[in-house]
Amino acid sequence: MSEPISDPVICPVCGKKAKTGSAIDCARHMFGTGDKPHREWVNAQGLSFIDLMIEQATTPGNASYQILAEAIEKARAKK
């Protein structure tokens with residue numbers, strides 16, 4: 001079992017705590033939710049929600065989750 005993260009990642013859109021507190025789980029939450037506010041936040045970061053979703057569905061690995069997790073971490077650092 002992994003150690004709990006001392007400063008868990010909170011969704012920048014809805015405020016939900018990521019399942020394990022990691023940015024990658026927050027990215028999974030954002031893709032899984034996929035509602036208009038979450039899509040708009042992703043797009044406002046200079047990313048394309050739909051392109052990331054297509055890439056995630058058609059390419060092996062977690063590249064899209066990693067890209068979104070990096071954007072989430074960058075947004076956290078600005079706060």
Side-chain angles (χ1 to χ4, degrees):
M1 186 175 232
S2 62
E3 285 182 35
I5 297 173
S6 60
D7 186 17
V9 175
I10 305 297
C11 177
V13 178
C14 67
K16 181 177 179 180
K17 178 183 167 268
K19 188 174 182 179
T20 64
S22 70
I24 197 88
D25 276 340
C26 187
R28 286 186 180 107
H29 154 76
M30 292 183 87
F31 280 136
T33 303
D35 62 1
K36 187 175 181 181
H38 286 82
R39 291 190 314 265
E40 287 177 345
W41 186 90
V42 172
N43 293 337
Q45 307 314 300
L47 303 170
S48 168
F49 186 89
I50 192 67
D51 288 345
L52 289 171
M53 287 293 288
I54 291 169
E55 181 178 347
Q56 187 61 35
T58 60
T59 307
N62 290 322
S64 292
Y65 289 140
Q66 292 289 345
I67 292 166
L68 185 52
E70 289 172 15
I72 293 165
E73 287 290 359
K74 186 185 275 187
R76 284 184 71 195
K78 289 181 181 178
K79 285 187 175 183

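Computed from a predicted model, the values in this text were never measured in an experiment.
Taking every heavy atom of both residues into account, A27 and A69 meet most closely at CB-N, 4.0 Å. Between N43 and F49 the shortest heavy-atom distance is OD1-N, 2.8 Å. Nearest heavy-atom pair, G61 versus Q56, reported as atom, atom and distance to 0.1 Å: O-NE2, 3.2 Å. Heavy-atom minimum distance, V9 versus C26: CG1-CB, 3.7 Å. Listed here is the closest heavy atom pair of A71 and L47: CB-CD1, 3.9 Å. Closest approach of H38 and C11 over heavy atoms only: NE2-SG, 3.4 Å.
For the pair D7 and R76, the minimum side-chain heavy-atom distance is below 4.5 Å. A 4.5 Å side-chain heavy-atom check between F31 and L52 finds at least one atom pair inside the cut-off. For the pair S64/M53, no side-chain contact is recorded, criterion being any heavy-atom separation below 4.5 Å from C-beta on.
If you take CD1 on I67 and CG on N62, they are separated by 11.0 Å, rounding to the nearest 0.5 Å. In this structure, E70 CD and I24 CD1 are separated by 9.0 Å, a value rounded to the nearest 0.5 Å. Here the straight-line distance linking atom CG of L68 with atom CD of E73 works out to 11.0 Å at 0.5 Å rounding. Interatomic distance, S48 OG to E55 CD, rounded to the nearest 0.5 Å: 10.5 Å.
Cluster annotation: V13 and I72 are assigned to the same hydrophobic cluster (Ile/Leu/Val/Met/Phe/Trp/Tyr, side-chain heavy-atom contacts under 4.5 Å, transitive).
Residue K19 qualifies as open at atom NZ: its count of foreign heavy atoms under 6.0 Å is 12 or below.
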